[in-house]
Peer 1: 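Got a structure for you, questions after.
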Amino acid sequence: MADKQHLYLVDGSSYIFRAYHRLPPLTNPEGTPVGAVYGYTTMLWKLADDLDKAEGPTHLAVILDKSSHSFRNELYAEYKAHRPDPPEDLVPQFPLIRDATRAFSLPCIEEQGYEADDLIASYAKAATRKGWDVTIVSSDKDLMQLIGQCAEDHLDPGVAEGGCIDMLDTMKDARIGREEVIEKFGVPPEKVGDVLALMGDSVDNVPGIFGIGPKTASKLIAENGDLAAALDSAADMKPSKLRERLLEGRDMAMLSRELVELKSDIALPVALEDMKLDGIPPEPLAEFLTTHGFNSLLKRLHAGSGSPTRTTNLNPAKQETAGAPASREGNRQAPPEMPPVDRSGYECVQTMERLQAWIDRAFAARLVAVDTEASSLDSIQADLVGVSLALGPNDACYIPLGHGGSDMFAEKPEQVPLADAVATLKPLLESDAVLKAGQNIKYDINVLARHGIALGPVDDTMIISFDMDAGRQADGIGGGHGMDELSERHLGHTTLAFKDICGTGKKQIPFGEVPIARATEYAAEDADVTWRLHTLLKPRLALEGSTRVYERVDRPLIPVVAQMERHGIRVDRARLAKLSDEFATETAKLEGEIHQLAGQEFTIGSPKQLGDILFDKLGYKGGRKGKSGQYSTDQGILEGLAAQGAEIAQKVLDWRQLAKLKSTYTDALQEAINPATGRVHTSYSLVGAQTGRLSSTDPNLQNIPIRTAIGRQIREAFVPEEGNVLLAADYSQIELRLAAHMCDVPTLKEAFLAGEDIHARTAQEMFGTVDRDTRARAKTVNFAILYGISRWGLAGRLGIEPDEAQAIIDTYFQRFPGIQAYIHSTLEQVRTRGYSETLFGRKTWFPRITSTHQAERQGSERAAINAPIQGTSADIIKRAMVRMMPALDEAGLGHVRMLLQVHDELVFELPEGDVDTAGPVIERVMAEAALPAVELTVPLGIEIGHGKSWDAAH
DNA sequence: TCGTTCACG
DNA sequence: GACGTACGTGAACGAG
């Protein structure tokens, strides 16, 4: 069981008023008053710093009032009507409260039409129903109604004991519980609303009953039980002033009761789980503190001690290097005081006693590097062969578990029995108190999942490297984040290569057949190197400004993606086989016809042979030789020939389409079906695309055909289990929407806000008229913008002259002001800093932007223009993925399975009957995925569909 | 191993 | 005057 969760809800609005009156009128370097902001900042600091304390928060959020108008004004126009305007030098501090909250990377929640109190009530109730404790940081007496224990009959399913709500007044440093409420009001918390209804509240202009103050009110409620009874009791009273007032004021009291009632069933704009407090990225905080001249806090932040930031639980002292700017070219650096890798000291663990000793040490260390060896690169069907652990440089072991066995005559090495080892390792590998560091740890998560181990919490050196250094090596072979490369680059150490241990090709042996002494050298080294890389790279995250994207986006995504891979998706083998047959028949027929037309047999699949036939032998015009000296025969060329009436060109196009579909999809997908699960399990790479997108391999399920009717048949073979459906949810035009927001283009934003067809609107703006042709041209131009435009590229796409294309580009920039400025500033930033950034702080490096080679440089420029947009889109869907299962769980839909991600689409499998409940949850999570970190000025549109196949779900 | 082609967003 | 022209991917295939 996880430790008890404790949610802190900070009533930000009420705090700021009190802070204002208590603190001196400080101003920041720009002269803006910031006294109240300073007070607020120190309070958040203190709260976040209590993370490790017994009563401290595990989750924290700030709740603010959105505006002064709420549903209570509908009930009573006078509500809060007589409030004086806030002091002049407090007004500019309100928005800074949000900045301060964001600087702490904490969620900041406000909702139109509701007051902070209602949101607090809703969150507090929801949390206690889950068994979480709640502390409301406020001193507002209205909130005292909420204090107490969650009643048993209100608990969420599966929760044994309800949570408890109390309040914390940080200014008086006082906890307010049930006793304190009784002391103050003379009644328990649940009766506070009744007392308030009688006495009224002059600050909020809640009327109450004239002439009844707190004393009388609490006495009446205490004696009669509740408000209704207290009002009724007037009838039996002796004639008195009080009796008259009660009888006359009855309606006002009832209205007041409604006004003070807190609304506790508001749909929660941010999921409770997203309030998790686990390490506050220091750099946004440092930036905020610097901006406002909060130097004493800044000093504390840099000193490391007493700061609320915790990137990891190791190496807290490495802060001296914080001032050194990161090297632009890369990060070759002398390894710190770590001894060179020495494989001779690794231990091969062969007994329970030794295994237990390592586990005990790992618990004490609280950080262990883990690596699993298995029988296959496919983690879904790989059998566990061994586990290695590292606790420090050269302090590593290998635990062989599945060695020997294929050769019946060879002696099997002594090993801890697999089941025993698994049972013994499980508590360590699952312990919240021990961080597991791995290189591509998603693989290990999946291998271990087959043995009932839910590995976590985890850190991944590959992803840490990616988040800091994506694109940084211009010669990025293999992405540049593989362990061998990282070891070479950061440790100056060459690791043993897998092929040196197991060989390659036909002579390759399974890892389980490697003698255990040799296996220990290889496997323990991997754990050792991983430990070293983690120690070196993790603290660098903060210095590079990448903690936030790692901690908030990519790291939490690891187990989510691992789970998706394990789910897999069912494909209908018979259907694919039938398609394969049809495609085979058709290609054979086309092949004969093509050979006939060519007058000879040749390999149609060879562009070289095809080019020679078309342009030399048959003499068609339009031949274009590339740098390889070979004719190009790509789609565009062949379509050109077909338009000239070349029958053979059309037939080659048809042949190519069918051959492609057969070899890449219908044949390959059947091969990819896992015999154990009957499903296809792709592997996602979190470091595959420089922009932060995922990529999919073995098989690639992100390029299944959809654009043509014939290709779409393949999607019909992706099916749910009996009784289930597939549900597909897409972000509609997300990149254009993001471009509209990021470039701040008024026309485009309006169009999206109004729900218009964006390409039609573009056509209207550009060409003054909308028809099929202008809309299609506008669509092309819109994409051209996203991809970094050139007159020649656009001319090629639109089939016009470069001059005309340039005219269109000029018009576009003129009609949509903001785009050009975005391009300019993005390139400027990339040229000076070396990297581009998404709205969520993901960096992509472009070392070639300064290349003297023009084509190379221009290529980088186009990529740099696109990266923030494509990358922000990737960040958004990743955030949605992280929040998806908790949100579905919350709605009692934990059995819904998220199967696939295709850049702007998520595919789910669920029982047919749950579509109506799951759809809105999925839609909401996706639509709100940018919040609270980024507030977009355009809505994120979601299109959702379901059906008995992936095709039918669109 | 490289270049070409083409499937996707 | 030559580059070679849209951003990001992965897989299959032919050719050397």
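Naming: A, B, ... by sequence-line order, numbering from 1 per chain.
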Peer 1: Base, sugar-phosphate alone, or nothing: which one does Ile789(A) contact when heavy atoms must sit under 4.0 Å apart?
Peer 2: nothing

Peer 1: To the nearest Å, give me how far apart CG (Asp654(A)) and P (dT5(B)) are.
Peer 2: 17 Å

Peer 1: Would the base of dA6(C) count as contacting Arg862(A) through its side chain, where contact means a donor and an acceptor less than 3.5 Å apart?
Peer 2: no

Peer 1: To the nearest angstrom, how far is Ile714(A) atom CD1 from dC8(B) atom C1'?
Peer 2: 12 Å

Peer 1: Answer yes or no: does atom NE2 of His759(A) have more than 12 heavy-atom neighbours from other residues, nucleotides or ligands under 6.0 Å?
Peer 2: yes

Peer 1: Tell which nucleotide pairs with dC3(C), taking only Watson-Crick or G-U wobble pairs whose two distances are both under 3.5 angstrom.
Peer 2: none

Peer 1: Mapping Pro699(A) and Thr691(A) onto DNA chain C by nearest heavy atom, which one lands closer to the 5' end?
Peer 2: Thr691(A)

Peer 1: Between Lys843(A) and Tyr835(A), is NZ or CZ placed under 6.0 angstrom from the six-membered ring centre and within 45° of the ring axis?
Peer 2: yes

Peer 1: For dA7(B) and dC3(C), measure between their C1' atoms and round to the nearest Å.
Peer 2: 29 Å

Peer 1: Using OP1 and OP2 only, check whether a side-chain N or O of Gln635(A) sits under 4.0 Å from dA7(B).
Peer 2: yes

Peer 1: Both distances below 3.5 Å, Watson-Crick or wobble geometry, any strand: find the nucleotide opposite dG10(C).
Peer 2: dC6(B)

Peer 1: Reckon Ser696(A) touches a base, only the sugar-phosphate, or nothing at all at heavy-atom distances under 4.0 Å?
Peer 2: sugar-phosphate

Peer 1: For atom NZ of Lys578(A), decide whether the heavy atoms of other residues, nucleotides or ligands shown that lie under 6.0 angstrom number more than 12.
Peer 2: no

Peer 1: Any idea which of dC8(B), dT5(B), dG14(C) is nearest the Ser606(A) side chain?
Peer 2: dG14(C)

Peer 1: Answer with yes or no after comparing the ring centroid distance for Tyr631(A) and Phe615(A) against a 6.0 Å cut-off, counting only values under it.
Peer 2: yes

Peer 1: Using a cut-off of less than 4.0 Å, is there contact between a side-chain N or O of Arg693(A) and OP1 or OP2 of dG8(C)?
Peer 2: no

Peer 1: Quick check on dC6(B): is either OP1 or OP2 less than 4.0 Å from any side-chain nitrogen or oxygen of Arg656(A)?
Peer 2: yes

Peer 1: Just the rounded figure in Å: distance from P of dT4(B) to CD1 of Ile637(A).
Peer 2: 13 Å

Peer 1: Within the structure shown, what part of the strands sits under 4.0 Å from Ala784(A) by heavy-atom distance: base, sugar-phosphate, or nothing?
Peer 2: base

Peer 1: Can you identify which nucleotide, out of dT5(B), dA7(B), dG8(C), has its nearest atom closest to the Gln657(A) side chain?
Peer 2: dA7(B)

Peer 1: What's the CG-P distance between Leu661(A) and dC13(C), to the nearest Å?
Peer 2: 13 Å

Peer 1: Measure distances between side-chain N and O atoms of Gln702(A) and base N and O atoms of dC8(B), and say whether any donor-acceptor pair falls under 3.5 Å.
Peer 2: no

Peer 1: Side chain of Trp792(A) only, please: which of dG4(C), dG14(C), dG10(C) is the nearest?
Peer 2: dG4(C)

Peer 1: For nucleotides dG4(C) and dC8(B), find the distance between their P atoms and express it as a whole number of Å.
Peer 2: 27 Å

Peer 1: Tell me what Asn700(A) touches on the nucleic acid: a base, only sugar-phosphate, or nothing, going by heavy atoms under 4.0 Å.
Peer 2: sugar-phosphate

Peer 1: Answer yes or no: are there more than 12 heavy-atom neighbours, outside Glu639(A) itself, under 6.0 Å from its atom CD?
Peer 2: yes

Peer 1: Using atom CZ of Arg857(A) as one end and atom P of dG4(C) as the other, report the distance to the nearest whole Å.
Peer 2: 14 Å

Peer 1: Does Ala874(A) reach a base, just sugar-phosphate, or nothing at all? Heavy atoms under 4.0 Å.
Peer 2: nothing

Peer 1: When you measure from the side chain of Ser632(A), which nucleotide among dA6(C), dC3(C), dT5(B) comes out closest?
Peer 2: dT5(B)

Peer 1: Base, sugar-phosphate alone, or nothing: which one does Gln609(A) contact when heavy atoms must sit under 4.0 Å apart?
Peer 2: sugar-phosphate

Peer 1: Looking for any heavy atom pair under 4.0 Å, which part of the strands does Glu735(A) touch: base, sugar-phosphate only, or nothing?
Peer 2: nothing

Peer 1: Does the side chain of Leu738(A) reach to within under 4.5 Å of the side chain of Ile734(A), using non-hydrogen atoms?
Peer 2: yes

Peer 1: Count the heavy atoms belonging to other residues, nucleotides or ligands that lie under 6.0 Å from NZ of Lys589(A), then report whether that count exceeds 12.
Peer 2: no

Peer 1: What is the distance, to the nearest angstrom, from the CG atom on Leu653(A) to the P atom on dA7(B)?
Peer 2: 10 Å

Peer 1: Round to the nearest Å and state the distance from Arg715(A) atom CZ to dG9(B) atom P.
Peer 2: 6 Å

Peer 1: Under 4.0 Å between any heavy atoms, over every strand shown, what does Ile869(A) touch: base, sugar-phosphate, or nothing? Just pick one.
Peer 2: nothing

Peer 1: Of the candidate nucleotides dG10(C), dA15(C), dA2(C), which contains the atom at the shortest distance from the side chain of Gln854(A)?
Peer 2: dA2(C)

Peer 1: On a whole-Å scale, what distance lies between the P atoms belonging to dG3(B) and dT5(C)?
Peer 2: 13 Å

Peer 1: Would you indicate which nucleotide in dG8(C), dG16(C), dA7(B) comes nearest to any side-chain atom of Pro705(A)?
Peer 2: dA7(B)

Peer 1: Do the side-chain N or O atoms of Thr664(A) get closer than 4.0 angstrom to the phosphate oxygens (OP1, OP2) of dG10(C)?
Peer 2: no

Peer 1: Which listed nucleotide (dA6(C), dG9(B), dA12(C)) is nearest to the side chain of Arg797(A)?
Peer 2: dA6(C)

Peer 1: Has Arg791(A) got a side-chain N or O lying under 4.0 Å from the OP1 or OP2 atom of dA6(C)?
Peer 2: no

Peer 1: Trp655(A) CH2 to dA12(C) P: how many Å, rounded?
Peer 2: 15 Å

Peer 1: So, Gln901(A) and Gln702(A): side-chain donor and acceptor under 3.5 Å apart, yes or no?
Peer 2: yes

Peer 1: Under 4.0 Å, counting only non-hydrogen atoms across every strand here, what does Ser860(A) touch: a base, just sugar-phosphate, or nothing?
Peer 2: nothing

Peer 1: With sugar-phosphate meaning primed atoms plus P, OP1 and OP2, does Gly796(A) contact a base, only sugar-phosphate, or nothing at under 4.0 Å between heavy atoms?
Peer 2: nothing

Peer 1: Check whether any side-chain N or O of Ser695(A) sits under 4.0 Å from OP1 or OP2 of dG10(C), and answer yes or no.
Peer 2: yes

